Number of protein chains: 4
Amino acid sequence: MGAVKTKRMPRAVREQQMLDAAVRIFGRRGYRAASMDEIAELAGVSKPLVYLYLNSKEDLFSACIRREAAALTEAVRAGVRPGAPADRQLWEGLRAFFTHTAQHPDGWTVLHLQARTHGEPFATEVAAMRTEIVTFVTQLIAVTARDAHHDPDLPEHEVAGLAEALVGAAESLAAWANTTPGVTARQAAATLMNFAWAGLGNLMEGRPWTSAVPLT
Amino acid sequence: MGAVKTKRMPRAVREQQMLDAAVRIFGRRGYRAASMDEIAELAGVSKPLVYLYLNSKEDLFSACIRREAAALTEAVRAGVRPGAPADRQLWEGLRAFFTHTAQHPDGWTVLHLQARTHGEPFATEVAAMRTEIVTFVTQLIAVTARDAHHDPDLPEHEVAGLAEALVGAAESLAAWANTTPGVTARQAAATLMNFAWAGLGNLMEGRPWTSAVPLT
Amino acid sequence: MGAVKTKRMPRAVREQQMLDAAVRIFGRRGYRAASMDEIAELAGVSKPLVYLYLNSKEDLFSACIRREAAALTEAVRAGVRPGAPADRQLWEGLRAFFTHTAQHPDGWTVLHLQARTHGEPFATEVAAMRTEIVTFVTQLIAVTARDAHHDPDLPEHEVAGLAEALVGAAESLAAWANTTPGVTARQAAATLMNFAWAGLGNLMEGRPWTSAVPLT
Amino acid sequence: MGAVKTKRMPRAVREQQMLDAAVRIFGRRGYRAASMDEIAELAGVSKPLVYLYLNSKEDLFSACIRREAAALTEAVRAGVRPGAPADRQLWEGLRAFFTHTAQHPDGWTVLHLQARTHGEPFATEVAAMRTEIVTFVTQLIAVTARDAHHDPDLPEHEVAGLAEALVGAAESLAAWANTTPGVTARQAAATLMNFAWAGLGNLMEGRPWTSAVPLT
DNA sequence: TATGAATGAGCATTCATTCAT
DNA sequence: TATGAATGAATGCTCATTCAT
């Protein structure tokens, strides 16, 4: 399975092979359960070479996270046309997101599951990426609210919470779409868009849900 | 630190102490990184006793998952009045959910993050709980749709996706509320309710989001 | 399987139950691999009681060896009529030996295999029993030699070696007869008797084997 | 104590060192009581290296058994000249056997005592070697019987029993010769040869032992 | 650029044994 | 006479990491 054992190749190439292997193993086993032996073998190199290039298991995992996070944010960025209307931008972003995660399931697992399960250093790196996406969504919401000239002062907490909910829903749907046969990235995006946009719209226009009976 | 070292107590009590300690350590370190030594020490007993009562690390982790999952579903069940209107039931369920997860952060972490990161056996146990909750939400949606006499045949995939998105949003908000100072369980529940109910309503009534421009 | 759990029985009886269990477990697993837990369970008592009566694993094993060795030597002794001719005595002894070992396979295993595998203390106890039997055989040989008035001074080493060989052959045949279906104690005894008696006779009469060609 | 700590040697050499150490420790302590720590230390390497090369305690023990069994059968084979008369071949085989076991006492202990005391896998490996030797002896007996044109149809059970007895006597004598000062391999071989050949001869010629008085 | 040889440190698990009742 | 509760001390095994070439 692992990469074909070709001797003497430039460092950059070897590094990518190693990262490919590492993402695969980390994604499937988790950070702790993944062994450097298995990664080296899958990469088709000896263990000392992995250390020579990537320094340590921790650094290797960090490098995986950074590479996958960059690829994901880049994919989303590339999918969105900046000038488009907010709902359109959200739709495009969602499509790009679900498409990319479907195409890189191990990378997505590393970001979504594994990286958050282990102490500070890694969680921080993922949090940075998450923040970037949440911010992007938050801005879309804010822009929409401004354009609608309604309720321009949705409290900050509220907006952050909404973005958090939206991103959480997306993450959950991504995992679901990846593991449920017959569900495409497009369908996942549509499901979430339908679900979310009305709720956002109502909020923007100051019509939140209120119970028909007094709440406790 | 750790339980006060009281000698000679009945097995049932000791077992709960051990599970308390295990949930804490598993939640903070993850399954692999958690050591039986640390768990035993926090529980105030020797390692052999942990093995005598809980058999193995794997069984101990399973026991944690089962206990925490049972506690969470029970909390949600107890918070919901069966006869109430669907939106009201959803609201009550969300409040109970956010309250419980806020009060048992380690237990929630075990269920939400750690248990899903490790092979089949554990993921399956959590999936069972998740399914139970998703089913509950799905039924609320279905009931609402039926009551509204609208679009009674939302495709099954669509409903499952919605439930998945809703639960994912809730999970994400729970983590957010737990780590963001000044955000209460009530606020988290309200944010999600506002976000979700309109979207669900629109869908039920056959008014999904549609792009102002043709989609690719 | 284990003894029926009857409470409060006299010490002597309990001890025999424990020894029964211990012989079975030691015989099947070996000294080290046998666990006090398993022995106690098979004996139908709690572990502390085993310690109360038998002190330690080492003492328990010693007690097993002593009991089984005594039983075996007693069986052989009881099978031999003192006044009979030497060949007759040997035959009777062999029959008794093969019969007893066939009826107490675990006890025989403990003596033959397990006890000799572990340091000094145990090997010594078995050696004592072995010496007793070897001595008995040696005396039969000596008596025969004296009666025949031939070569009355077979060197001591030679006699000891013969006895050793005879006992070794018997031990080997006992294991073989116990594990080979269709071989009875009587047949095993006959085989060995046929094999041994002629050789002994020749030696007594000063007609050892000599090579047809010079030995190196 | 133990091998001189020379660093960096080829795998094949290290493996032999490890097997040397393992045979010694297994022979002296038994399988269960032997610790991988002690073996590694005696071999002059760290424990992980033992595992890297030999996989597990079980595999290590197997490797010991195989190596020692091969060495012993090879020694016997090399000591016997195929064309010689049967008694001559038996004599040579016995000499080679006693010489080899005297020179490799730990190896012999591993084969004779330790390997047979522990479950199936090991016993099977030794049984294979034993069968090889028993077969060799059985053939010598059969050849002798054929050459003598006497009683060509000694029942199979009888022959197998004889071989078993002979090998058992040899095993016992080997242990005895190894632990009794002043007894050489040559003497042990002579003792057994004297003892056995006459008995075999009588049997071949149809003159088994019969009691002077009726047997029970 | 690349690797075979080697290890320190840690971890899950087991077991003989004892204490308090 | 009898036992439920509890532990100190190993032991097999693995893993991230480095050295010498």
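Chain identifiers are assigned alphabetically (A, B, ...) following the order of the sequence lines, protein sequences preceding nucleic acid strands; residue numbering begins at 1 within each chain. These numbers come from a predicted model, not from an experiment.
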Provide, to the nearest angstrom, the distance between the [atom1] atom belonging to [X] and the [atom2] atom belonging to [N].
X       : N      : atom1 : atom2 : value
B:Arg8  : F:dT3  : CZ    : P     : 16 Å
D:Asn55 : F:dT14 : CG    : P     : 9 Å
B:Glu41 : E:dG10 : CD    : C1'   : 15 Å
A:Met36 : E:dG8  : CE    : C1'   : 17 Å
D:Glu15 : E:dG4  : CD    : P     : 15 Å
D:Arg29 : F:dT11 : CZ    : C1'   : 14 Å
B:Leu49 : E:dA16 : CG    : C1'   : 16 Å
C:Asp37 : E:dC15 : CG    : C1'   : 8 Å

| Lys/Arg cation over aromatic C:Tyr51: C:Lys57, 6.0 Å, 45° cone | no
| task | Considering just the side-chain nitrogens and oxygens of C:Arg14, establish if one lies under 4.0 Å of OP1 or OP2 belonging to F:dA2. | result | yes
| note | 5'-most contact on DNA chain F (nearest-nucleotide basis), D:Lys57 vs A:Ser56, goes to D:Lys57
| field | Position toward the 5' end of DNA chain F (nearest nucleotide), D:Tyr31 or B:Tyr53 | value | B:Tyr53
| message | Looking at C:Glu38, is its backbone amide N or carbonyl O close enough to the side chain of C:Lys47 to form a donor-acceptor pair, meaning the two atoms are under 3.5 Å apart? | response | no
| query | For DNA chain E, whose closest nucleotide is more 5', that of C:Tyr51 or that of D:Ala12? | reply | D:Ala12
| said: With nearest nucleotide decided by heavy atoms, which residue, B:Ser35 or D:Arg32, maps closer to the 5′ end of DNA chain E? | reply: B:Ser35
| task | Please name the residue in the list A:Asn55, A:Ile39, A:Ile65 that meets the side chain to side chain contact (heavy atoms under 4.5 Å, CB included) test with A:Leu60. | result | A:Ile39
| Between the base of F:dT3 and the side chain of C:Lys47, is there any donor-acceptor pair under 3.5 Å? | no
| field | SB check C:Asp106 C:Arg29 (cutoff 4.0 Å) | value | no
| said: Using a strict threshold of under 4.0 Å (side-chain N to carboxylate O), is an ion pair present between C:Asp20 and C:Arg67? | reply: yes
| remark: Checking N1-N3 plus N6-O4 or O6-N4 for Watson-Crick, or N1-O2 and O6-N3 for wobble, each under 3.5 Å, the partner of F:dC19 is E:dG4
| request: Report the nucleotide, chosen from E:dA12, E:dT1, E:dA6, that has the shortest atom-to-atom distance to any side-chain atom of A:Arg11. | output: E:dT1
